[in-house]
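Below: the structure, in structure tokens.
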2 protein chains.
Amino acid sequence: MPLRHDQVRRTPDRLKDRPTWLLSRAHARSVAILHAGFEAGGNGLRGYHYRLLAALEQFGPASQADLGRDTGIDRSDVTAALLLLEGRGLVERRVDPDHKRRNIVTLTTAGQDALRALDDVLDGIQREVLAPLSAAEQRQLVALLARVAEG
Amino acid sequence: MPLRHDQVRRTPDRLKDRPTWLLSRAHARSVAILHAGFEAGGNGLRGYHYRLLAALEQFGPASQADLGRDTGIDRSDVTAALLLLEGRGLVERRVDPDHKRRNIVTLTTAGQDALRALDDVLDGIQREVLAPLSAAEQRQLVALLARVAEG
DNA sequence: ACTCCTTTGTTGGCGTCGCCAATGTTGATG
DNA sequence: CATCAACATTGGCGACGCCAACAAAGGAGT
């Protein structure tokens, strides 16, 4: 069996046609573009932070546990992410007077501004990720992905 | 603004329709199913190991650098993954006599068997991941994902 | 009132995947 | 012969997901 340095990039057949592989590759590309976008215009915020800001903006003040449930983020990770958001003044935390064990998290004006800025970044990223597809195909993909994601 | 414990799981609108979000969710589900499958029938091997075995089986013995290129795995991660594969006797490493800095990695018979076993596991996983879709839709999704993955 | 169970926030840890830098060797190229 | 590139290895980092243990607090049932 001959060796094969000096050859072009290949992908084993076992991988390249498997849906899970394609899903993984597509996701990897999406993540790379997301990362670059957040790097450039995200001001150090990451996916977790955006999810939390989005939930706060839409649903209003909430406890950390509820935030975790709405965003699919583990309670412990919510704590860490909020620490950063609070440090930047994008969010405020205070103890719920009725439930002293509960923190009520509120979006600040600065937080709203940051969310809007991220929205723009995100929109650009969507366009870049879906660029290989026509508008109709993009809609198809979104519909199919939604069902696969749901299970 | 009223609080909202005791409510059902919701997802912020900002997230739930974005292609990158759906891609991420679909990928997450795929990964969860993959993880469960490897847990059950993967004998402690993970994605990296399968990729490496697949490349070796199809393309024959190769240097670690070539393996990395074929599988999209970083050289440093190839080293670590091979360490485990070698420890299990699924792979053999020897120095290339013509290039003493190069290791030639060879798939053993046990490695081939392990690969076959993983193939079956993987096939089952594909079916589970794509279960929400009809056969025609599955083909559509695969075609679209391939293009998105490619960029 | 008292016990039991659950929720909440926090800390700390683990695993996967992807990536990058530095290093010592070695081969190839000028 | 000097330089440069490739190779394998080590070690580290970041994002994301997840889990266990914990103390504080509340709720339910007796």
Pick the nucleotide of DNA chain D nearest each of B:N103 and A:H35; which residue has the one closer to the 5' end?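 Its nearest nucleotide being more 5', the pick is B:N103.
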
Hey, is the side chain of A:R101 pairing donor to acceptor with the base of D:dA24 inside 3.5 Å?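 Between D:dA24 and A:R101, which were checked side chain against base, a qualifying N/O pair under 3.5 Å is present.
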
Can you check the [X] [atom1] to [N] [atom2] distance for me, whole Å?
X: B:R102; N: C:dG27; atom1: CZ; atom2: C1'; result: 9 Å
X: B:L67; N: D:dA6; atom1: CG; atom2: P; result: 18 Å
X: A:L34; N: C:dC17; atom1: CG; atom2: C1'; result: 16 Å
X: B:D98; N: C:dG27; atom1: CG; atom2: P; result: 9 Å
X: A:R93; N: C:dT8; atom1: CZ; atom2: P; result: 15 Å
X: B:I104; N: C:dG27; atom1: CD1; atom2: P; result: 13 Å
X: A:L52; N: D:dG17; atom1: CG; atom2: P; result: 11 Å
X: B:H27; N: C:dT16; atom1: NE2; atom2: P; result: 14 Å

Nearest 0.5 angstrom please: B:T71 OG1 to A:R10 CZ, how far?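 Interatomic distance, B:T71 OG1 to A:R10 CZ, rounded to 0.5 Å: 11.0 Å.
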
Is it the case that one hydrophobic cluster holds both B:L144 and A:V31, taking links as side-chain heavy atoms less than 4.5 Å apart, direct or via other members?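 Hydrophobic grouping puts B:L144 apart from A:V31.
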
At under 4.0 Å between heavy atoms, what does A:R25 touch on the DNA or RNA strands: base, sugar-phosphate, or nothing?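 Sugar-phosphate contact only.
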
In residues 73-84 of chain B, what residues come within less than 4.0 Å of DNA chain D, judged by heavy atoms?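 Going residue by residue through residues 73-84 of chain B, the ones with a heavy atom under 4.0 Å of DNA chain D turn out to be B:R75, B:S76, B:T79.
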
Tell me which residues in residues 41-49 of chain A put a heavy atom below 4.0 Å from DNA chain D, sorted by number, or none.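 DNA chain D contact set from residues 41-49 of chain A: A:R46, A:G47, A:Y48.
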
Does atom CZ (B:R93) have a neighbourhood of more than 12 heavy atoms from anything else shown, all under 6.0 Å?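 For B:R93, atom CZ is crowded (more than 12 foreign heavy atoms under 6.0 Å).
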
Between A:R14 and B:D123, does any NZ, NE, NH1 or NH2 come within less than 4.0 Å of an OD or OE carboxylate oxygen?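 Between A:R14 and B:D123 there is no salt bridge, as every charged N stays at least 4.0 Å from the carboxylate O atoms.
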
Output yes when A:E150 and B:R25 qualify as a salt bridge under the 4.0 Å nitrogen-oxygen rule, no when they do not.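 No, no charged N to carboxylate O under 4.0 Å.
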
Determine the interplanar angle of the A:H27 and B:H27 rings, folded into 0 to 90°, and report it as parallel if under 30°, tilted if 30 to 60°, perpendicular if over 60°.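 Parallel, since the angle between the ring planes stays under 30°.
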
Under 4.0 Å between a side-chain N/O of B:R69 and OP1 or OP2 of D:dA6, yes or no?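 For B:R69, the contact criterion (side-chain N or O under 4.0 Å from OP1 or OP2 of D:dA6) is not met.
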
OP1, OP2 of C:dG18 versus side-chain N and O of B:R51: anything below 4.0 Å?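 Result: yes.
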
For A:Q64 and A:S24, take the nucleotide of DNA chain C holding the closest heavy atom to each; which residue's nucleotide lies nearer the 5' end?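 Residue closer to the 5' terminus by nearest nucleotide: A:Q64.
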
Return the minimal non-hydrogen interatomic distance between B:S30 and A:L23, and the atom names on each side.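 In this case the closest contact between B:S30 and A:L23 is CB-CD2, 3.7 Å.
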
If every non-hydrogen atom of A:G151 is compared with every non-hydrogen atom of B:R29, which pair is closest and at what distance?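 Looking at all heavy atoms of both residues, the closest pair is CA-NE, 3.2 Å.
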
State whether B:F38 and B:R46 meet the cation-pi test: NZ (Lys) or CZ (Arg) under 6.0 Å from the six-membered ring centroid, and within 45° of the perpendicular axis.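 Output no; distance or angle outside limits.
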
